[in-house]
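Chain A is the first sequence line, chain B the second, and so forth, proteins listed ahead of strands; every chain is numbered from 1.
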Amino acid sequence: MAEQSAEKTAGKSPSQHLFAAVLARVHAVCATLAAEGGWPADIDFSRVVVEPPRDATHGDMATNAAMVLAKDARAKPRELADRIAEKLRADDLISAVDVAGPGFINLTLKPSAWIVELRSVLREGAAYGQSAAGAAQKVNVEYVSANPTGPMHVGHCRGAVFGDALSNLLQFAGFEVTREYYINDAGAQVDVLARSAFLRYREALGENIGEIPEGLYPGDYLKPVGEALAQEHGDKLKAMNEAAWLPVVRNKAIAMMMDAIKGDLAALNIQHEVFFSERSLIEAGNNKVAETIDFLRAKGDIYEGSLPPPKGKPVEDYEDRVQTLFRATAYGDDVDRPLIKSDGSYTYFASDIAYHKNKYDRGFRDLIDVWGADHGGYIKRVQAAIKAITGGKAALDVKIVQLVRLLRNGEQVRMSKRSGDFITLREVVDEVGSDAVRFMMLFRKNDAVLDFDLAKVIEQSRDNAVFYVQYGHARGHSIFRNAREEVVPDLPEEAGARIAYLAGAAVERLTEGAELDLLKRLAVYPRTVEAAATAHEPHRIAFYLYDLASEFHALWTKGRDLPHLRFIINHDAELTKARLAMVQGVVSVLASGLAVLGVHAPTEMR
RNA sequence: GCGCUCGUAGCUCAGCUGGAUAGAGCAUCGGAUUUCGAUUCCGAGGGUCGGAGGUUCGAAUCCUUCCGAGCGCGCCA
């Protein structure tokens, strides 16, 4: 039933969308004036923008060209604006130009401009809004990276959804995206996992293990691991000492936990291309961490020294000792950071440097990590390390996702049912569905705390943004069904055929103000995609979709009182087709945006 | 003590990388309303953008400094 628009459209030329087209014309005018007026040759047009004015009464678009260029052109902004405006008036897209305020140039486009844009939507279908801005540049997005010590709990899901939607968005904007998961399978916590699983193994062999001791993972989810071990090894492991059985049990437990996690992610429609094992970095004979430290040492970024004791809460067993330190302060961090623990093993940071170096070595220059709020203090040191390793040739953007407060009808839901047993991601998805989870996780800026109300997100009302947007898409299809029965019997059902059919409609008959407003809303989609992609902010897509759906619903509602505004006009098949073409434009863009968010676009709301 | 993030209408939040008179949804108040299947619409009131300085044609947005909240602060991951 869902009509996803994820179809690959590679090779298709991206649309020169309307704002970009007008910007190009403004640039052309400025270039002409520059030639005529003898402006400096190196004049920079990059700050010139064309954007929707805050107040729609000012026109359709506004440009700051005159204000930005005035200084270099040695002219007063208003005067320069007048000269630019005069030339723009000759443009065939533009019906009115006026200069306002300190030198804004307001442009009103001819209605035909929006009609033409609608034709692009219909021609490009799912590809509309796609951009070449990424220029096929490789981007690595690392997200989730939950420890493989148990199933995913609700705390993980925001970062998971955010990273996934951001990846979709970047892909749609023309980047070549790799979705990556870093498996922390080398630290002490996986040894704890192994010991916990070993207990379950003994249990599976019939032993009474009693209470799970403090410090081990108590969850029932380890029982299947114990059973699998018993099946595979019988009681052989019991005879071994810990040093012998631990790696065996650990590998099995990690593998099974990762399977569980992948299943949880699949329930949210998330798939990574690369699962990168931390342990693989320190394999005997191929120790990437040691290599990385040597690499940094050769650059003079490693030294032996001691650090001042940490401020804030005192560390009980603090011992002042000389250790191997990375000179993070030389790259913007606050203190230098240790790389080797007193037992000789590497710190997490040390392997993390090696891991990020590995990303760089694989050709990534654009790195994005999605982390939870409690890791905020870790950003500077990793960025410092990347600066040191790549000589500033790669950039890491760390996106911090804030906490989610889980509510039910406004009452806070306790995150752990009893000690050690968190509400799992799967429970939440099972209760409200992945669409609700995904959309609501994205309907807020990533760095703001988010309230997630289990009751509200399945409500069918305007309050519930997921419903409202999906309903917009479904309503479009409902209109198609009705139209087919009443006025346009040969309207194809299949999306591609329907779009092709409607592309031939007499869309120039769309002349109502409210209709043109809706077309204008469609036209800002490509811009929204680009802006959201460059800012790494998928939430902008969610808000855009909410606005578009609102406007669409509003127009539908107007038809209730004003029959001439209805989409289906019984006595006028040509006009009906034109309006269906507009509805199709809305449906296409809603489906496109929802696909970016990873949310289904249903054709009915049952 | 230091660092990071945040502070916008009564509430929940947008604000398009510096643009014009700061927006939306709830809530409140005032109207309208038997639907092209699917739980409405229009309007109004409500703001020193935490405070104070600064940068410039122009600041919610950038800088400085206070106030308040959250997170973090050698050999945890």
Side-chain angles (χ1 to χ4, degrees), chain A residues 47 49 51-55 58 62 64 67 70-71 76-78 100-104 106 145 147 149 184 186-190 278 306-313 315 317-321 323-325 333-349 351-352 372-380 398 400 402-403 443-445 447-451 459-463 465 468 471 474-475 478-479 481-483 485-487 524 527-528 530-532 534-535 537 539-540 543-544 546-547 550 553-554 556-561 563 566-570 604-606:
Chain A
R47 287 180 59 213
V49 296
E51 54 188 7
R54 191 160 295 223
D55 186 340
H58 291 139
N64 60 353
M67 290 179 290
K71 203 173 257 175
K76 288 185 178 155
R78 287 287 305 213
F104 280 102
N106 290 326
S145 299
N147 286 344
T149 53
N184 299 140
Q189 83 286 353
V190 285
E278 178 186 0
S306 62
L307 289 171
K311 302 278 181 10
K313 63 180 174 210
V315 179
D317 56 346
Y318 182 78
E319 149 199 17
D320 196 10
R321 69 178 190 91
Q323 50 191 343
T324 303
L325 298 170
D333 199 2
D334 308 313
V335 286
D336 294 337
R337 305 290 179 176
L339 299 179
I340 297 178
K341 301 186 218 170
S342 52
D343 68 358
S345 64
Y346 299 114
T347 61
Y348 180 79
F349 180 50
S351 36
D352 218 14
D374 52 341
H375 288 62
Y378 195 68
I379 298 175
K380 274 192 188 178
V398 178
I400 292 294
Q402 266 294 349
L403 293 175
F443 201 54
R444 197 111 308 175
K445 277 185 301 199
D447 47 16
V449 180
L450 178 148
D451 287 347
E459 224 171 67
Q460 303 210 334
S461 76
R462 180 169 192 163
D463 289 9
Y468 207 58
Y471 175 30
R475 173 167 269 171
S478 162
I479 292 165
R481 285 188 288 271
N482 289 327
E485 279 180 25
E486 295 171 34
V487 188
V524 294
R527 230 183 143 260
T528 306
E530 274 189 19
T534 45
E537 291 185 346
H539 77 272
R540 294 192 197 182
F543 280 95
Y544 168 80
Y546 185 73
D547 288 343
S550 301
H553 287 306
W556 185 90
T557 310
K558 265 189 190 141
R560 226 172 30 175
D561 298 332
R566 295 184 178 186
F567 299 122
I568 299 170
I569 305 292
N570 281 303
E604 53 186 337
M605 290 307 284
R606 295 241 173 258

Worksheet item: Rounded to whole angstroms, how far apart are CG on A:Leu403 and P on B:rC4?
Response: 20 Å
Worksheet item: Under a 3.5 Å cut-off for both distances, is B:rG3 Watson-Crick or wobble paired, and to whom?
Response: B:rC71
Fill in: Verify stack between A:His375 ring and B:rG72 base, 5.5 Å, 30 degrees
no
Worksheet item: If you look at every strand shown and take non-hydrogen atoms under 4.0 Å, does A:Ala474 touch a base, only sugar-phosphate, or nothing?
Response: base
Worksheet item: What is the nucleic acid contact for A:Ala535, judged by heavy atoms within less than 4.0 Å: base, sugar-phosphate only, or nothing?
Response: base
Practice prompt. Give A:Lys380 one of three labels, base, sugar-phosphate or nothing, depending on what nucleic acid heavy atoms sit under 4.0 Å from its own.
Written response: sugar-phosphate
Worksheet entry | For B:rU17, the Watson-Crick or wobble counterpart (both distances under 3.5 Å) | none
Discussion item. Reading RNA chain B from 5' onward, which residue's closest nucleotide shows up sooner: A:Gly101 or A:Gly187?
Written reply: A:Gly101
Discussion item. Do A:Asp336 and A:Leu307 have side chains that approach each other closer than 4.5 Å (heavy atoms only, starting at C-beta)?
Written reply: yes
Fill in: A:Tyr471 aromatic ring stacked with six-membered ring of B:rA38, 5.5 Å and 30°
no
Worksheet item: Hey, is the side chain of A:Lys445 poking within less than 4.0 Å of OP1 or OP2 on B:rA14, counting only N and O atoms?
Response: yes
Worksheet item: Taking the side chain as C-beta and beyond, is there a heavy-atom pair between A:Asn147 and A:Asn184 under 4.5 Å?
Response: yes
Discussion item. Quick check, does A:Tyr348 stack with B:rC76? I mean ring centres under 5.5 Å and planes off by under 30°.
Written reply: no
Fill in: Watson-Crick or G-U wobble partner of B:rA60, both distances under 3.5 Å
none
Worksheet item: Using a cut-off of 4.0 Å on non-hydrogen atoms, how would the nucleic acid contact of A:Val449 be classed: base, sugar-phosphate, or nothing?
Response: sugar-phosphate
Worksheet entry | Atom pair distance, as rounded to whole Å: CG in A:Asp447 and P in B:rA69 | 20 Å
Worksheet item: Can you tell me how far C1' of B:rC16 sits from CG of A:Asp547, to the nearest Å?
Response: 12 Å
Worksheet, complete the sentence: Closest heavy-atom pair, A:Gly187 versus A:Glu278, reported as atoms and distance to 0.1 Å, is N-OE1, 4.4 Å
Worksheet item: Across the strands shown, which category fits A:Tyr378 at heavy-atom distances under 4.0 angstrom: base, sugar-phosphate, nothing?
Response: base
Fill in: Closest-nucleotide ordering on RNA chain B, the 5'-leading residue of A:Pro53 and A:Pro308
A:Pro53
Worksheet entry | Under 3.5 Å on both distances, the Watson-Crick or G-U partner of B:rG46 | none
Worksheet item: Considering Watson-Crick and G-U wobble pairs with both distances under 3.5 Å, what does B:rA24 pair with?
Response: B:rU12
Worksheet item: Where does B:rU17 land, syn or anti, given syn is within 90° of 0?
Response: syn
Discussion item. In this structure, how many angstroms lie between the P atom of B:rA14 and the CG atom of A:Asp451, rounded?
Written reply: 12 Å
Worksheet item: Whole Å only: how far is the NZ atom of A:Lys76 from the C1' atom of B:rG58?
Response: 18 Å
